[in-house]
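Excluded from the calculations below are hydrogen atoms, water molecules and symmetry mates; all remaining heavy atoms, backbone and side chain alike, are included. Naming: A, B, ... by sequence-line order, numbering from 1 per chain. Please read these numbers as outputs of a predicted model, since none were measured by experiment.
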Amino acid sequence: MNISKSMVGDIAVIKLNGRLDLETSKTLKGLTKELMADNHNKMIFDLTDVDFINSSGLGTLVSILRDVNSKKGNLELCSLAPYIQEIFEITHLSSIFRIYENEEEALSSFAVTENKTE
Amino acid sequence: MEKHPLHYASLELNNSGLCIKITDDILKAFLELTSLDDREKYRLRVAVSEIVTNGYFHGNKQNAQKRMFFSCNVFNNRIEISVEDEGDGFNDDEVEEKYGAAGEYATGGRGLKIVEKVADRVKCGKTDNGRFRVSLLKYVNAEPVEAIGQSIESY
């Protein structure tokens, strides 16, 4: 799996590419730990180029979501292929993740969240 | 039912995380020989990866000295896949006990749900030579829809 990270303000936009399974999810978990250690608790995972995810990958996403929530941050997902989205639905994870059509929508959601908390 | 597959592969693998990728690559190639649509191919790949991951992680407990046995048989109207590890198997109660309390926020325990949802038939249990085998059957053409989503059977 290839992972690239960019910052939009204080939001980390992380683009994932390839497989997200037991082996590859460790890298993602490591990256998010580093981000949170630097107090970056707002993240977007762009899954446009994820071509395979199984329950190990999903478990890692849930684990990161729990970490982010515990730091009062946000984790948003965007750009899921229909067959990836279906796996979220089979496992009922679409109810705990906020999933957006694209990165712009996910970024906008942070603005809405911040406006609500102001 | 036909007895002889059109295509088949049988592998013995060292127990490592690579098993997940290797078996998926083989399955992906085999699925191209079937008439399943892309969505079903993907769902089946995920289901099989769950079984292999369970075998590697929970069955063989990541022990590199243990082995994994994978077979894939493609028939005209169905695909049969079996995964064997050298562990003691699992039971649903243990999975529930480990992950149930965390509810939706559990970090595991979803693999079997995916397998049950995708496969037309799943069987698991000990083999005569002491391995733990999970077999999955998926119909390719016009087969009983009501079979989908059955619970896992034991040998």
Residue [X] excluded, over 12 heavy atoms near [atom1] under 6.0 Å:
X	atom1	result
Asn14(B)	CG	no
Lys66(B)	NZ	yes
Asp88(B)	CG	no
Lys5(A)	NZ	no
Glu89(A)	CD	yes
Glu104(A)	CD	no

Do [X] and [Y] have side-chain heavy atoms sitting under 4.5 Å apart?
X	Y	result
Phe57(B)	Ser56(A)	no
Val46(B)	Glu86(A)	no
Asn54(A)	Ile114(B)	no

Count I, L, V, M, F, W, Y as connected when their side-chain heavy atoms are under 4.5 Å apart, and connections chain through other members. Are [X] and [Y] then in the same cluster?
X	Y	result
Ile79(B)	Leu11(B)	yes
Val52(B)	Ile22(B)	yes
Ile26(B)	Leu18(B)	yes

So, taking the atom named [atom1] in [X] and the one named [atom2] in [Y], what distance separates them when rounded to the nearest 0.5 Å?
X	Y	atom1	atom2	value
Lys113(B)	Ile90(A)	NZ	CD1	12.0 Å
Arg19(A)	Ile20(B)	CZ	CD1	7.5 Å
Ile87(A)	Lys117(B)	CD1	NZ	10.5 Å

Measure Asp38(B) against the heavy atoms of chain A and call it side chain, backbone, both or neither at under 4.5 Å.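 Neither the backbone nor the side chain of Asp38(B) comes within 4.5 Å of chain A.
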What part of Thr53(B) gets closer than 4.5 Å to chain A, counting heavy atoms only: side chain, backbone, both or neither?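 Side chain of Thr53(B) only, per the 4.5 Å heavy-atom cut-off to chain A.
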Interchain contact, Asn69(A) with chain B, by part (heavy-atom threshold 4.5 Å):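 Contact with chain B: side chain only.
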What part of Ser95(A) lies closer than 4.5 angstrom to a heavy atom of chain B: side chain, backbone, both or neither?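 Only the side chain of Ser95(A) comes within 4.5 Å of chain B.
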Quick check on the interface: out of Leu58(A), Leu22(A), Asp21(A), who has the most heavy-atom pairs with chain B under 4.5 Å?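 Most heavy-atom pairs under 4.5 Å with chain B: Leu22(A).
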Could you check whether the rings of Tyr83(A) and Tyr42(B) sit parallel, tilted or perpendicular, using 30° and 60° as the cut-offs?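 Taking Tyr42(B) first and then Tyr83(A), their aromatic rings sit tilted (interplane angle of 30° to 60°).
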Using every non-hydrogen atom in the two residues, find where Arg110(B) and Gly59(A) come nearest and quote the distance to one decimal.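 In terms of heavy atoms, the two residues are closest at NH1-CA, 4.4 Å.
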